[in-house]
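Keep in mind it's a predicted model, so treat the numbers as computed, not measured. Labels below follow one simple rule: chain letters A, B, ... track the order of the sequence lines, proteins then strands, and each chain is numbered from 1. Only heavy atoms go into these numbers, but all of them, side chains included; no hydrogens, no water, no symmetry mates.
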There are 4 protein chains.
Amino acid sequence: MATDPSPRWRRRKEARPQEITAAALELFAERGFAASRLDDVAARAGISKGTLYLYFPNKEELFKAVVRDAVVATIDEAERLAGSFSGGSFELLEMVVRRLAGRIVGTRAGVIPKLILAEAGNFPELARFYHDEVARRGFATVAAVLRRGIERGEFRPVDARAMVPVIIGPLLLASLWKSTFEPVAAEPLDLAALLDTHLDHLRRSLAADAPKGGPP
Amino acid sequence: MATDPSPRWRRRKEARPQEITAAALELFAERGFAASRLDDVAARAGISKGTLYLYFPNKEELFKAVVRDAVVATIDEAERLAGSFSGGSFELLEMVVRRLAGRIVGTRAGVIPKLILAEAGNFPELARFYHDEVARRGFATVAAVLRRGIERGEFRPVDARAMVPVIIGPLLLASLWKSTFEPVAAEPLDLAALLDTHLDHLRRSLAADAPKGGPP
Amino acid sequence: MATDPSPRWRRRKEARPQEITAAALELFAERGFAASRLDDVAARAGISKGTLYLYFPNKEELFKAVVRDAVVATIDEAERLAGSFSGGSFELLEMVVRRLAGRIVGTRAGVIPKLILAEAGNFPELARFYHDEVARRGFATVAAVLRRGIERGEFRPVDARAMVPVIIGPLLLASLWKSTFEPVAAEPLDLAALLDTHLDHLRRSLAADAPKGGPP
Amino acid sequence: MATDPSPRWRRRKEARPQEITAAALELFAERGFAASRLDDVAARAGISKGTLYLYFPNKEELFKAVVRDAVVATIDEAERLAGSFSGGSFELLEMVVRRLAGRIVGTRAGVIPKLILAEAGNFPELARFYHDEVARRGFATVAAVLRRGIERGEFRPVDARAMVPVIIGPLLLASLWKSTFEPVAAEPLDLAALLDTHLDHLRRSLAADAPKGGPP
DNA sequence: CATGAATGAGACTTCATTCAT
DNA sequence: CATGAATGAAGTCTCATTCAT
């Protein structure tokens with residue numbers, strides 16, 4: 001510590017990659033991957049174009065780093081949360097859903113799914129990475145919550161695997177709608193009402209004692 | 001008749017535009033708009049690069065034509081169907097959902113939403129068109145079905161506007177999952193189970209006499 | 001006459017080449033040779049693009065035909081006029097100058113010199129043709145008028161060869177100015193005043209008894 | 001020092017634009033603007049195609065820069081010269097004419113007028129620029145010289161405005177002739193004789209005491 | 001470490017020319 | 001004769017990547 005001659009510089013150096021991926025994430029969110037020029041990424045990160053290449057070997061690797069940076073923390077946290085919760089299963093489900101909604105809509109990382117969708121065809125390896133590390137783990141986490149509720153008698157027996165997309169789909173739609181249509185003048189989607197409605201819907205349907213809704 | 005003596009340009013001028021948009025749709029679906037080269041579109045359509053420009057003034061207009069061709073018929077049909085149905089509201093809702101699922105997953109036009117999402121930032125005008133002519137109309141149609149059910153006493157009172165994304169979201173997720181992850185080796189998503197689960201879930205929750213499932 | 005089944009068609013056929021060169025001349029005048037598309041030439045001539053090639057083997061030959069059509073008559077006439085005139089030499093000179101001015105400014109063929117200048121580098125053969133058939137013959141005609149005046153004692157002895165550009169230069173400048181700058185809002189050049197001044201200038205200077213003006 | 005170890009991009013950024021405009025001027029002079037390929041401009045400037053675009057946003061702007069570079073200095077100098085001269089008006093006029101002739105014929109910038117003429121239809125903005133900054137200012141300068149001579153009693157009263165094209169026209173013709181016809185084998189135009197004849201002609205005609213030329 | 005000038009492959013687009021009808 | 005759909009070479013311009021400083 002005493003011998004370090006320039007501590008500010010050192011910290012700067014280590015912070016660089018994340019400054020760059022943050023800048024890249026902004027641009028990718030606005031224009032998509034292909035239409036984002038590295039010139040602009042560099043400018044937004046406050047560095048020169050050449051410096052980019054000191055940290056990332058090419059545009060594709062930068063893309064992967066952007067995704068990793070934005071996503072890994074979130075999914076780790078979600079798994080930890082679900083694993084350590086000790087309350088009622090519906091409270092747990094609601095917490096997971098609301099937290100996921102908050103991530104998707106409230107943070108810049110919300111555009112990541114959109115980027116993945118858009119570029120999966122061109123970067124299969126990235127699509128696989130995202131599937132394995134994010135999508136599948138996220139789905140598994142929600143499925144685990146459902147199974148926990150069933151085992152504890154809080155939820156009726158339900159096909160957990162098939163139910164997961166039903167739970168996550170509306171959140172995904174909200175995220176995509178917001179980033180796609182709201183910039184072009186569409187009326188905003190009311191996320192709070194959507195969440196309330198979605199959770200109410202789930203509560204009614206999953207309740208262990210819910211009668212089969214059909215006709216008499 | 002036995003052997004066509006002049007294969008060169010026997011095809012009528014009128015057929016060409018759709019041959020081209022069909023070829024373009026395939027390519028855009030595989031690689032996205034930006035990464036699709038007009039050379040390849042032309043090759044897949046069986047024409048030369050220059051011929052493209054006899055029918056579409058530039059790449060962007062071709063994109064718009066692809067979207068219009070693939071989408072307009074579908075949405076018209078859905079509106080007609082919903083307007084003329086005379087049976088029970090849940091049967092109508094199920095029909096709409098299953099038909100939408102069939103479109104999204106079973107036909108090539110299923111990638112259109114993905115394309116729109118990916119390029120909305122670069123083509124705001126197209127995003128607006130899709131929002132106005134497809135997304136909003138589709139949402140309105142589903143909302144109308146819900147209101148019909150409520151009015152007829154078949155569904156409990158529900159916030160129709162907020163419920164629509166809950167109904168459509170899972171279908172969108174299924175579509176995106178299939179086109180994004182299945183090509184990279186992910187296990188296939190079981191659409192039939194998803195639909196059954198989704199519809200069962202809706203039936204239970206929407207039933208007019210369903211008790212509020214919450215805790216005591 | 002009786003046996004000719006379609007006399008209008010026949011006349012049409014023979015008129016075609018000139019209809020085409022006329023249309024081409026208009027376009028070349030507006031945009032220059034390189035920027036004029038054969039599509040537009042055909043459209044302005046009221047024919048299809050393919051038909052152009054029935055009359056001219058390629059764009060360059062069309063260009064040559066345009067020049068020939070527009071120019072040959074004029075130069076023939078000028079030579080005849082100068083050769084057959086029997087009045088005073090200054091009247092002859094004035095007549096030649098005014099007639100040349102009329103051609104250059106008053107008719108569409110006035111842009112020909114400009115076209116030649118612009119494209120000489122790309123079509124040396126055409127430049128040579130124009131030089132041989134138009135420029136040199138025109139210059140020779142004016143020089144002959146000057147020599148006639150000198151021989152008849154009407155003009156002082158003057159280097160006829162060197163004097164010709166002095167006579168023609170102002171007319172050329174007027175022509176180029178009008179076609180170049182007047183379309184972009186420049187104040188119009190007063191051609192009548194220019195001609196009067198130019199001819200007055202020539203009259204004073206060429207007069208056989210004019211004293212040498214300068215100081216010793 | 002003996003052998004330069006790094007020939008790659010030693011040249012300073014500041015020198016580049018002029019190296020490029022110089023190369024472009026050469027090519028434009030040879031082939032005209034439309035027929036000059038940027039590849040060739042780059043090659044002649046000793047750089048790559050892409051480097052062009054670091055300095056000029058497109059071909060048209062390069063063209064404008066070529067014109068500005070070649071022309072602005074000249075016209076400034078001419079105005080200064082005419083404004084500060086203190087000798088006889090005819091000497092001043094002769095100096096202006098000879099200097100203009102030297103520019104037009106002796107330097108590469110002599111092709112600029114030809115380029116402007118050729119492309120005015122396609123680049124009206126450039127035509128206006130040249131008109132405002134070069135043609136009109138040049139004409140005004142010559143007119144001022146004439147008015148100076150008239151005011152000082154050295155020239156007869158003459159319509160200065162109408163006289164200017166009479167003075168400049170022959171120089172323009174000489175310039176265009178040389179660049180247009182001499183490369184295609186025409187006999188060279190004798191510029192020295194032309195200038196002597198032109199100036200002698202002007203001296204005789206403008207002299208204050210010159211009698212009105214013709215005999216009764 | 002950092003820079004930014006330079007590169008060149010490759011994209012979109014134009015248009016003179018051809019040729020089956 | 002006339003058409004106009006089709007072609008493909010060639011042009012302008014972009015941008016990820018390199019490398020001398």
Could you check which of F:dA5, E:dA6, F:dG4 has an atom nearest any side-chain atom of C:Ser48? F:dG4

Sidechain N-carboxylate O distance under 4.0 Å for A:Glu125, A:Arg128: no

Spacing of D:Glu61 atom CD relative to F:dC13 atom P, expressed in whole Å: 11 Å

Which heavy atom of B:Leu115 sits nearest to which heavy atom of B:Phe33, and what is that distance? CD2-N, 4.2 Å

Ignoring hydrogens and geometry, is there a side-chain-to-backbone donor-acceptor pair from C:Ser36 to C:Leu27 under 3.5 Å? yes

Taking every heavy atom of B:Pro113 against every heavy atom of B:Ala109, the minimum-distance pair comes out as CD-O, 3.9 Å

Atom pair distance, as rounded to whole Å: CZ in C:Phe63 and P in E:dC15: 17 Å

A:Val67 and A:Val134, any side-chain heavy atoms less than 4.5 Å apart: no

Measure CG/C:Asn58 against C1'/E:dC15 and give the value in whole Å, please. 14 Å

Strictly below 4.0 Å: does C:Thr51 bring a side-chain N or O up to OP1 or OP2 of F:dT3? yes

Hey, where does DNA chain E pair up into stems, meaning at least three consecutive Watson-Crick or G-U pairs with distances under 3.5 Å? E:2-21 with F:2-21

Can you find a donor-acceptor N/O pair under 3.5 angstrom joining the side chain of B:Lys49 to the base of E:dT13? yes

Figure out the OH/P separation between C:Tyr53 and F:dG4, and round it to whole Å. 16 Å

B:Leu54 CG to E:dT14 C1': how many Å, rounded? 11 Å

May I have the distance from D:Ile47 (atom CD1) to F:dT18 (atom C1'), rounded to whole angstrom? 17 Å

Taking C-beta and beyond as the side chain, do B:Tyr130 and A:Thr180 meet within less than 4.5 Å on heavy atoms? no

Upstream residue (5' side of DNA chain E) when C:Glu60 and D:Leu52 are each assigned their closest nucleotide: D:Leu52

A:Lys59 NZ to E:dA9 P, straight-line distance once rounded to whole Å: 19 Å

Atom CZ of A:Phe56 to atom P of F:dT18: distance rounded to whole Å? 16 Å

Looking at DNA chain E, which of residues 29-44 of chain C put a heavy atom within less than 4.0 Å of it? C:Ser36, C:Arg37, C:Leu38

Within this structure, what is the CZ-CG distance for the pair B:Phe129 and B:Leu126, rounded to the nearest 0.5 Å? 7.5 Å

Is it possible for you to check whether B:Lys64 lies under 6.0 Å from the centre of the six-membered ring of B:Phe56, through NZ or CZ, and within 45° of that ring's axis? no

How far does CZ of A:Arg44 sit from CD1 of A:Ile20, to the nearest 0.5 angstrom? 14.5 Å

